[in-house]
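All remarks here apply to the structure that follows.
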Amino acid sequence: MRDIVPSGWRIYTVAATMPVFNRTTWRLRIDGLVERPVTLSYEQLRALPRVEQVSDFHCVTGWSVKNVHWGGVRFRDLLAAARPRTGAAALTLVSAEKPYADSLTLDQAKLADVLLAYEMDGKPLRREHGAPVRLVIPEMYGYKNVKWVERITVTDQPEPGYWEQRGYDTDAWVGRSNGYG
Amino acid sequence: MATDKSYLLRFSRTERAFHWIHASAFFVLLGSGLILYLPRLSELVSRRPLVKAVHIDTAIAWAVALALVVLLGDRAGLRRTVHELDLFDSDDRLWLRRIPRPQGRFNAGQKLNAALTASFAVLFAVSGFFLWLGERDHRFRFASTIVLHDGLMYVSLVLLVGHLYLALIYPATRHALRGMTTGSVRRDWAQRHHAKWVGPDEPMQP
């Protein structure tokens, strides 16, 4: 029954199919303006310091899901191994769902409650929520919370993401952007 | 059929076209809408851009088709039908309080159903239009739009289940389905359920 009753989430996708997660072949690449580009397997990602948080999720279209329980990795722990170079100011999160991508400034990415989440409500992230990892940035609307992240490219400035190219704000602060507030 | 004295024409071709266009569009919109709305269905079907296009194109086709029926169909007849539906007399009010009273071509419950269905259709169309527009222009993005659109789905679903029960299952009323498919209903059935429409002599034609 829990599968049929609406959970409050709506699944927004832009491609014809949802990416399929293969645990053995999946890799997360971190490249761009970094001292040492790294490629992490799912196990290597899970071995990084794990954090949990409960935060609300807001969609720009008007729906919200309260008290989502996330488990994942903080960006400072994720970036530590790759070591951003001087001049690095932003990062682009590339989704396995082509052509979806979005970006954050490094300052935004280092906010205390920004994670790359691999668990949701006590279970591994489900396919429709971006398995195996998605970005969680509760202060910003859902379209910045990129699902199916497979590559993080460090850049000198934010690049307009999928929805920004379609007129949405780059800094998608909840309640203070996209015509709200 | 209508020429047979034991049958009476209850719904004109225009009325039936109006009903079935609305009904078929509703099912396509409900199905595609649920795929867009329920996460597990979204995952199962994927192809959101396609499902979304089906949903929006069906809504447009629905509006165009109904407009064409009004333009090309029996407009005077539709006006009379609307008038019949709008009129709640003392018999209707008593009937709604479960006091048996003779009913016209539409009983009071059918009149209420028609009024609710029409209002929901307008609200669906307006909120759906703003969902579409808000995606393109943030000045038209309101948090309540999606709440209204989803809420309407739930109340419409309740109304639909009741309607289908009476039209397909409940023995006393399901003969009405024949009226909506072929146009005509049995005279004795109409006499029992719509006595004021059949009248003592010949009934009014719709």
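Below, chains carry the letters A, B, ... as their sequence lines are ordered, and counting in each starts from 1.
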**OP:** Determine which pairs satisfy salt bridge (Lys or Arg N to Asp or Glu O under 4.0 Å) with at least one residue from residues 151-177 of chain A, sequence neighbours left out, and list them in order.
**Re:**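 Only A:Asp31-A:Arg151, A:Lys144-A:Glu164 qualify under salt bridge (Lys or Arg N to Asp or Glu O under 4.0 Å).
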Subject >> Qualifying salt bridge (Lys or Arg N to Asp or Glu O under 4.0 Å) pairs with a residue from residues 93-104 of chain B, counting only residues at least two apart or across chains >> reply: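 Salt bridge (Lys or Arg N to Asp or Glu O under 4.0 Å) check on residues 93-104 of chain B returns B:Asp91-B:Arg101.
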Original post:
Atom OG1 in A:Thr13, atom CG in B:Leu36: separation rounded to 0.5 Å?
Top reply: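 CG of B:Leu36 is found 9.0 Å from OG1 of A:Thr13.
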Subject >> Rounded distance (nearest 0.5 Å) linking atom CZ of A:Arg127 with atom OG of B:Ser46 >> reply: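 Going from CZ on A:Arg127 over to OG on B:Ser46, the span is 5.0 Å.
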**OP:** Against chain B, label A:Ala16 side chain, backbone, both or neither, depending on which of its atoms sit under 4.5 Å from a heavy atom there.
**Re:**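 Both backbone and side chain.
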Take atom [atom1] in [X]; do more than 12 heavy atoms of anything else shown fall under 6.0 Å from it?
{"X": "B:Tyr170", "atom1": "OH", "value": "no"}
{"X": "B:His22", "atom1": "NE2", "value": "yes"}
{"X": "B:Arg192", "atom1": "CZ", "value": "yes"}
{"X": "B:Arg139", "atom1": "CZ", "value": "no"}
{"X": "B:Arg47", "atom1": "CZ", "value": "no"}

Mind checking whether [X] and [Y] have side chains closer than 4.5 Å, heavy atoms only?
{"X": "A:Glu128", "Y": "B:Pro39", "answer": "yes"}
{"X": "A:Arg126", "Y": "B:Arg40", "answer": "yes"}
{"X": "B:His138", "Y": "A:Tyr180", "answer": "no"}

Does any backbone or side-chain atom of [X] lie under 4.5 Å from a heavy atom of chain A? Answer side chain, backbone, both or neither.
{"X": "B:Asp137", "value": "neither"}
{"X": "B:Phe130", "value": "neither"}
{"X": "B:Phe140", "value": "neither"}
{"X": "B:Arg141", "value": "both"}

Original post:
Which residues, numbered in order, of residues 59-85 of chain A come under 4.5 angstrom of chain B by heavy-atom distance?
Top reply: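 Residues in range: A:Val60, A:Thr61, A:Gly62, A:Trp63.
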Subject >> Donor-acceptor pair, side chain of A:Tyr168 and main chain of B:Glu135, under 3.5 angstrom >> reply: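 Judged by distance alone, yes, a pair lies under 3.5 Å.
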**OP:** Could you pull out the closest heavy-atom pair between A:Ile11 and B:Arg48, with the gap in Å?
**Re:**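 Here A:Ile11 and B:Arg48 meet closest at O-NH1, 2.8 Å.
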Original post:
Can you list every pair that meets side-chain hydrogen bond (donor to acceptor under 3.5 Å, both in side chains) and has a residue in residues 110-133 of chain B, with sequence neighbours left out?
Top reply: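 The answer is B:Arg10-B:Gln110, B:Asp92-B:Lys111, B:Ser127-B:His149.
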